[in-house]
Amino acid sequence: MRAHNGRVPRINPSILAADFVNMEAELARIAGADFVHVDVMDNHFVPNLTFGPQMVARIQETSPVPLDVHLMIDDPDRWAPAYAELGAASVTFHLEAAASPVALARQLRAIGARAGVAVKPGTPVENLFDSLNEFDQILVMTVEPGFGGQSFMPETMPKLRALADEAKRRGSSVWLQVDGGIGESTIAQAAEAGADTFVAGSAVFGADDPDRAIQSLRASAARHRH
């Protein structure tokens with residue numbers, strides 16, 4: 001696992017692209033990653049259903065790298081703290097679903113997790129500018145949330161760039177994450193727009209050598225850093 005500083009791009013493989021039947025072996029294949037990205041979907045906020053707390057707890061027990069949990073669920077104010085209590089290193093909820101985003105972020109931090117907030121492709125980010133320091137990570141979705149394997153949406157890049165510029169202006173150390181369609185052909189665009197943390201699914205788990213794929217993605221992001 002890499003040092004989590006602001007200079008080294010972070011690669012977080014998404015287990016949506018993994019073989020669920022052989023999860024422990026799949027996790028072992030990404031030991032060189034920074035985090036493992038775990039998508040929790042409730043079939044309400046998004047039209048799909050994945051893992052719940054029990055499965056996340058089991059992944060937490062077996063993963064060689066920390067968990068980056070992404071909650072695509074309704075009512076995260078109620079449910080998100082439980083994932084922090086499981087020991088997840090980072091818990092990200094959706095701005096569109098939270099009643100009190102800042103209060104929830106503070107609660108997650110108090111439990112001991114990094115607090116992240118995610119925005120869908122169509123959600124503006126300007127409302128986050130005044131509360132950047134309340135969050136450890138902002139996830140700009142580069143596809144519509146709910147399904148793996150979608151194509152990267154370059155039209156989300158101006159929003160990411162605006163966040164990066166505002167964070168720099170304010171001296172914020174918030175991590176800027178992208179999720180959706182990230183691979184060798186798109187990671188450069190996201191890095192140039194200001195992302196420093198990258199969720200990649202099939203680009204890692206679909207590779208013959210996932211560890212080499214992680215290294216290659218990290219190097220590509222570093223070359224195109226904002």
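The first residue of the sequence shown is numbered 1, and numbering continues consecutively from there.
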On a heavy-atom basis, the closest approach of F135 and P101 is CE2-O, 3.9 Å

For S100 against D77, the heavy-atom pair lying closest together: N-OD2, 3.0 Å

Would you confirm whether S202, through its side chain, and A17, through its main-chain N or O, come within 3.5 Å as a donor-acceptor pair? no

Is F35 linked to V199 within one hydrophobic cluster, defined over Ile, Leu, Val, Met, Phe, Trp and Tyr using a side-chain heavy-atom separation of less than 4.5 Å? no

Contact check, side chains of R114 and W175, non-hydrogen atoms, under 4.5 Å: yes

Decide side-chain hydrogen bond (donor to acceptor under 3.5 Å, both in side chains) for D39 and H70; before the verdict, give the C-alpha distance in whole Å, the side-chain angles of both, and the deciding distance to 0.1 Å. CA-CA 5 Å; D39 286 309; H70 176 195; 3.0 Å; yes

Please report the interatomic distance CG(L163) to CG(L132), rounded to the nearest 0.5 Å. 6.5 Å

Walk me through whether L128 and V119 qualify under side chain to side chain contact (heavy atoms under 4.5 Å, CB included). CA-CA 10 Å; L128 290 171; V119 290; 4.1 Å; yes

As an exercise, state the distance from CD of Q137 to OG1 of T92, rounded to the nearest 0.5 Å. 4.5 Å

Are P9 and F198 close enough that some pair of their side-chain heavy atoms sits under 4.5 Å apart? yes

In the single-linkage hydrophobic clustering (I, L, V, M, F, W, Y; side-chain heavy atoms under 4.5 Å), do V102 and V91 co-cluster? yes

Report the C-alpha separation of D68 and Q177 in whole Å, then their side-chain angles, then the decisive distance to 0.1 Å, and conclude whether the side-chain hydrogen bond (donor to acceptor under 3.5 Å, both in side chains) test is met. CA-CA 11 Å; D68 171 32; Q177 185 179 60; 2.8 Å; yes

Closest non-hydrogen contact found for A200 with I182 is CB-O, 3.8 Å

Residues, nucleotides or ligands: over 12 heavy atoms within 6.0 Å of Q54 CD: no

Are M153 and I187 in one and the same hydrophobic cluster, where Ile, Leu, Val, Met, Phe, Trp and Tyr link if side-chain heavy atoms are under 4.5 Å apart? no

For the residue pair V140 and K159, establish whether any side-chain heavy-atom pair is separated by less than 4.5 Å. yes

D74 side-chain N/O to A97 backbone N/O, donor-acceptor pair under 3.5 Å: no

Can you tell me how far CD of Q60 sits from CG of L27, rounded to the nearest 0.5 angstrom? 11.0 Å

Report yes if the side chains of M23 and M55 come closer than 4.5 Å at any heavy-atom pair, otherwise no. yes

Give me the one residue out of N12, D34, D209, V204 that meets side chain to side chain contact (heavy atoms under 4.5 Å, CB included) with I214. V204

Min side-chain heavy-atom separation L95-T123 under 4.5 Å: yes

Any donor-acceptor pair under 3.5 Å from S172 side chain to K168 backbone: no

May I ask you to decide if D179's main-chain N or O and T142's side chain share a donor-acceptor pair within less than 3.5 Å? yes

F51, I30: one ILVMFWY side-chain cluster at the under-4.5 Å cut-off? yes

Expected output: side-chain Q189 to main-chain M157 donor-acceptor under 3.5 Å: no

Candidate pair R109 and D136, rule salt bridge (charged side-chain N to carboxylate O under 4.0 Å, His left out), full reasoning: CA-CA 9 Å; R109 282 175 159 179; D136 298 295; 3.0 Å; yes

How long is the straight-line distance from CG of L108 back to CD of E134, given to the nearest 0.5 Å? 12.0 Å

Taking the side chain as C-beta and beyond, is there a heavy-atom pair between W79 and I73 under 4.5 Å? yes

Check the hydrophobic clustering (I, L, V, M, F, W, Y; side-chain heavy atoms under 4.5 Å; chains of links allowed) and say if L104 and L67 are grouped together. yes

How long is the gap from CG on L139 to CG on L160, to the nearest 0.5 Å? 10.5 Å

Is any side-chain heavy atom of L217 closer than 4.5 Å to a side-chain heavy atom of E184? yes

Please assess M41 against L49 for the test side chain to side chain contact (heavy atoms under 4.5 Å, CB included), listing each intermediate value before the final yes or no. CA-CA 5 Å; M41 306 182 194; L49 187 67; 5.7 Å; no

Would you verify whether the NZ or CZ of K120 falls within 45 degrees of the ring axis of F45 while also being under 6.0 Å from that six-membered ring's centre? yes

In short, R218 meets G32 closest at the heavy-atom pair NH2-O, 3.1 Å

Quick check: closest heavy atoms across A213 and A207, and the distance to 0.1 Å? CB-CB, 3.8 Å

Carboxylate-amine/guanidinium proximity below 4.0 Å for R170 and D165: no

Indicate yes or no: at least one non-hydrogen side-chain atom of V143 is less than 4.5 angstrom from one of S151. no

Is R10 paired with D196 through a side-chain N to carboxylate O contact shorter than 4.0 Å? yes

State the CZ-OH distance between F93 and Y83, to the nearest 0.5 angstrom. 15.0 Å

Tell me the closest heavy-atom pair linking P13 and A33, and the distance in Å. CD-CB, 3.3 Å

Please test I138 against V125 for side chain to side chain contact (heavy atoms under 4.5 Å, CB included), starting from the C-alpha separation and ending with a verdict. CA-CA 10 Å; I138 298 175; V125 292; 5.6 Å; no

Stepwise side chain to side chain contact (heavy atoms under 4.5 Å, CB included) check, V178 with F152: CA-CA 10 Å; V178 286; F152 178 82; 5.7 Å; no

